[in-house]
Number of protein chains: 2
Amino acid sequence: MQSNVLPPDAGHEPGNGEQMLPANGEQLNGEQLNGEHVNGGHAIGIPEATIARLPVYLRALYGLAERGVSTVASEELAAAAGVNSAKLRKDLSHLGSYGIRGVGYDVDYLVYQVSRRLGLTQDWPVLIVGAGNLGRALANYGGFVSRGFRISAMLDSDPAIVGSRIAKLTVQHVDELEAVVARHKVAIGVIATPAGTAQAVCDRLVSAGVTSVLNFAPLVLSVPEGVDVRKVDLSIELQILAFHAQRRSVGARAVNGHLAQAAEA
Amino acid sequence: MQSNVLPPDAGHEPGNGEQMLPANGEQLNGEQLNGEHVNGGHAIGIPEATIARLPVYLRALYGLAERGVSTVASEELAAAAGVNSAKLRKDLSHLGSYGIRGVGYDVDYLVYQVSRRLGLTQDWPVLIVGAGNLGRALANYGGFVSRGFRISAMLDSDPAIVGSRIAKLTVQHVDELEAVVARHKVAIGVIATPAGTAQAVCDRLVSAGVTSVLNFAPLVLSVPEGVDVRKVDLSIELQILAFHAQRRSVGARAVNGHLAQAAEA
DNA sequence: CCGACTTTGTGAATCTGTGCACAAAGGCGT
DNA sequence: ACGCCTTTGTGCACAGATTCACAAAGTCGG
């Protein structure tokens, strides 16, 4: 399976342009009809759904690379990522044409391409606000510390926590927020505080110049235009599980039913 | 705004049937062409996208209820949940017709209906495996402990952690897994272990009879048919943020375009 | 050097989700 | 009591995502 048929450096890369618009024949006229969201322009060149899956592929690719696999076919990679192989290929095609027909994809090369497109070939300085259990978990979570992100600092307001060391960092007081953002040129702020203080922290992050915020607190933050907020709710998936579990136990047969099409009354 | 115009107990509820198939005229014949996923049948009656938003609405509703709001219009609730109001109304319409035209929705009543449909009117016994920072964070996370879920036990393999108390629970050794599942009739297993041991833990959960698994470990679990696995990757959203941030800094001018939309002042 | 075989990349068809816009419903003021 | 005004519920059209299925491209054995 690892026949190593690829040229050592995969000569397909122009090496200069980097941008290299996709070689596919699509017209990608999406320019004028882009999906303006609240925050500002979202994906123009690459579908949002694809972007959301690229990290999954990346993770799968790292796993393969660690196991010494050098080449992978879309079928295998798709299985490792838990998606349909056609979807995988279409997703990757948005990045360019980096596969070799009859062979597959070079793992290292694809890691590089996906990383580059996600913007992970540079290091993003990340600030974590809230050094409770969640903040500590994040600081140690593989993928937060790994390639592409560097935790610049962790802040907390609790004097009992300030000064303690977490993942090689000393927790600083939240009063330092503005100074830390400026000093480390923080690009992404992570809010891991209780819900009560999240909006205030967010406001401070924004006025300090942070334009990307990852929110773990269970509330919807309001931010000015131009700031990109994403929310992770640890319990949403749990609730979705509950729904499906319930439906399995209740609805096994009840739901069915030919309830007539009754086009309209 | 809180004119309290509703009958105290919203006499619209039949009170018995509970199931009460949606009053809308849609044919919802989706039976034979449902979106079979890997895990098994997913939503048949309610779109998956809607299900994923119900927890968000629920959270917003709780927030309103705490602030003493008794009635809310779709516009307000949508704003609180961060979605479009038409989408909110359409989502809620899948549950039944629980609004009052000209007035809005009764907050408490809607909380009940959404909870019921999500399966949160019963208590789900949840087992958390892995009592590291993430496990501890989960045990304390509002929404995990709140209405609908009860943490039956926390397990870990580290002797230094076993025996410690977290959120009123004593951490037990992971060897107890099967016994705990049986004793508490655990329905949902949460995997908060390192990636290395996640698959083994998952296998044990499944053979102990757990059919719903929430996975926080950064790998794709493989499970037999009939088991529902959902995955939360704490770093995916971070990577998506990085993508957008990069696109903003790179494409600053490329996107340009006569930003004349200025919909309203 | 050629032909068989593998696997990519993508058109085309289908399915799912979104949002506008409006008729129907129902409370409220006079 | 009646009409006005607000807000729901939803038909419809469009936009986006998924999947199939296959031609094009490139490898590898003989």
Side-chain angles (χ1 to χ4, degrees), chain A residues 1 3-7 11-12 22-30 32-38 42-44 46-53 71-78 83-106 110 263-265, chain B residues 1 3-7 11-12 22-30 32-38 42-44 46-53 71-78 83-106 110 263:
Chain A
M1 193 88 43
S3 44
N4 199 3
V5 291
L6 297 183
H12 306 72
N24 57 12
E26 275 183 17
Q27 63 276 44
L28 61 96
N29 53 2
Q32 70 280 20
L33 42 78
N34 63 355
E36 269 290 309
H37 282 196
V38 168
H42 265 200
I44 289 183
I46 303 183
E48 199 59 27
T50 294
I51 296 298
R53 281 187 297 266
T71 297
V72 67
S74 64
E75 201 71 49
E76 287 172 87
L77 181 54
V83 302
N84 175 296
S85 72
K87 179 152 55 179
L88 172 84
R89 288 198 299 277
K90 185 153 287 188
D91 283 342
L92 293 183
S93 77
H94 288 292
L95 308 188
S97 189
Y98 298 131
I100 299 178
R101 295 161 124 105
V103 177
Y105 300 89
D106 179 82
L110 198 52
E264 51 245 75
Chain B
M1 199 67 80
S3 45
N4 198 3
V5 290
L6 296 182
H12 308 73
N24 57 12
E26 276 183 18
Q27 62 273 44
L28 60 97
N29 54 1
Q32 68 280 19
L33 41 79
N34 63 355
E36 270 289 309
H37 280 196
V38 168
H42 267 199
I44 289 182
I46 302 183
E48 199 60 28
T50 294
I51 296 298
R53 281 187 296 265
T71 296
V72 68
S74 64
E75 201 70 50
E76 287 173 87
L77 182 53
V83 303
N84 173 296
S85 72
K87 180 152 54 178
L88 172 83
R89 289 197 299 278
K90 187 157 287 187
D91 282 343
L92 293 183
S93 77
H94 289 292
L95 308 187
S97 189
Y98 298 130
I100 299 178
R101 290 161 193 252
V103 177
Y105 300 88
D106 180 82
L110 198 51

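Labels below follow one simple rule: chain letters A, B, ... track the order of the sequence lines, proteins then strands, and each chain is numbered from 1.
- Note: CD (A/E76) to P (C/dT6) measures 14 Å, nearest angstrom.
- For the pair B/V72 and B/L77, the tightest heavy-atom approach, listed with the atom from each and the gap, is CG2-N, 3.7 Å.
- Looking at every heavy atom in both residues, A/Y105 comes nearest to A/Y98 through CD2-O, 3.8 Å.
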I'd like a list of close polar pairs between nucleotides 22-25 of chain C and the protein, N/O only, cut-off under 3.5 Å.
residue	atom	partner	partner atom	Å
C/dA24	N3	B/R101	NH1	2.8
C/dA25	O4'	B/R101	NE	3.3

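- Remark: C1' of D/dG16 and CD1 of A/I46 are 16 Å apart, rounded to the nearest angstrom.
- Relative to the side chain of B/E48, the nucleotides C/dG17, D/dT27, D/dT18 differ in distance, and C/dG17 lies closest.
- Distances shorter than 4.0 Å separate none of the side-chain N or O atoms of A/S74 from OP1 or OP2 on C/dT7.
- Closest to the side chain of B/A73, from the set D/dA21, C/dG9, D/dT8, is D/dT8.
- When all heavy atoms are compared, the tightest approach of A/S85 to A/A78 is CA-CB, 3.5 Å.
- Distance B/L88 CG to C/dG17 C1': 15 Å, rounded to the nearest Å.
- Side-chain N/O atoms of B/Y105 include none lying less than 4.0 angstrom from OP1 or OP2 on D/dT6.
- Between A/I46 and A/L95 there is a side-chain heavy-atom pair separated by less than 4.5 Å.
- Rounded to the nearest 0.5 angstrom, A/R53 CZ and A/L92 CG are separated by 10.0 Å.
- Of the candidate nucleotides C/dG9, D/dA17, D/dT7, C/dG9 has the atom lying nearest to any side-chain atom of A/S93.
- Rounding to whole angstrom units, CG of residue B/L92 and P of D/dG9 are separated by 8 Å.
- Nearest to the side chain of B/K87, among C/dT18, D/dT18, C/dG27, sits C/dT18.
- Comparing D/dT7, C/dG27, D/dG26 by their closest approach to the side chain of A/I100 singles out D/dG26.
- With hydrogens and angles ignored, a donor-acceptor pair under 3.5 angstrom links the side chain of A/K90 to the base of D/dT19.
- The separation between B/D91 atom CG and C/dG19 atom P is 11 Å, rounded to whole Å.
- Here A/A49 lies in heavy-atom contact (under 4.0 Å) with sugar-phosphate atoms only.
- To the nearest angstrom, C1' of C/dT8 lies 13 Å from CG of A/L110.
- The shortest distance between the side-chain N/O atoms of A/N84 and the OP1/OP2 oxygens of D/dC20 is below 4.0 Å.
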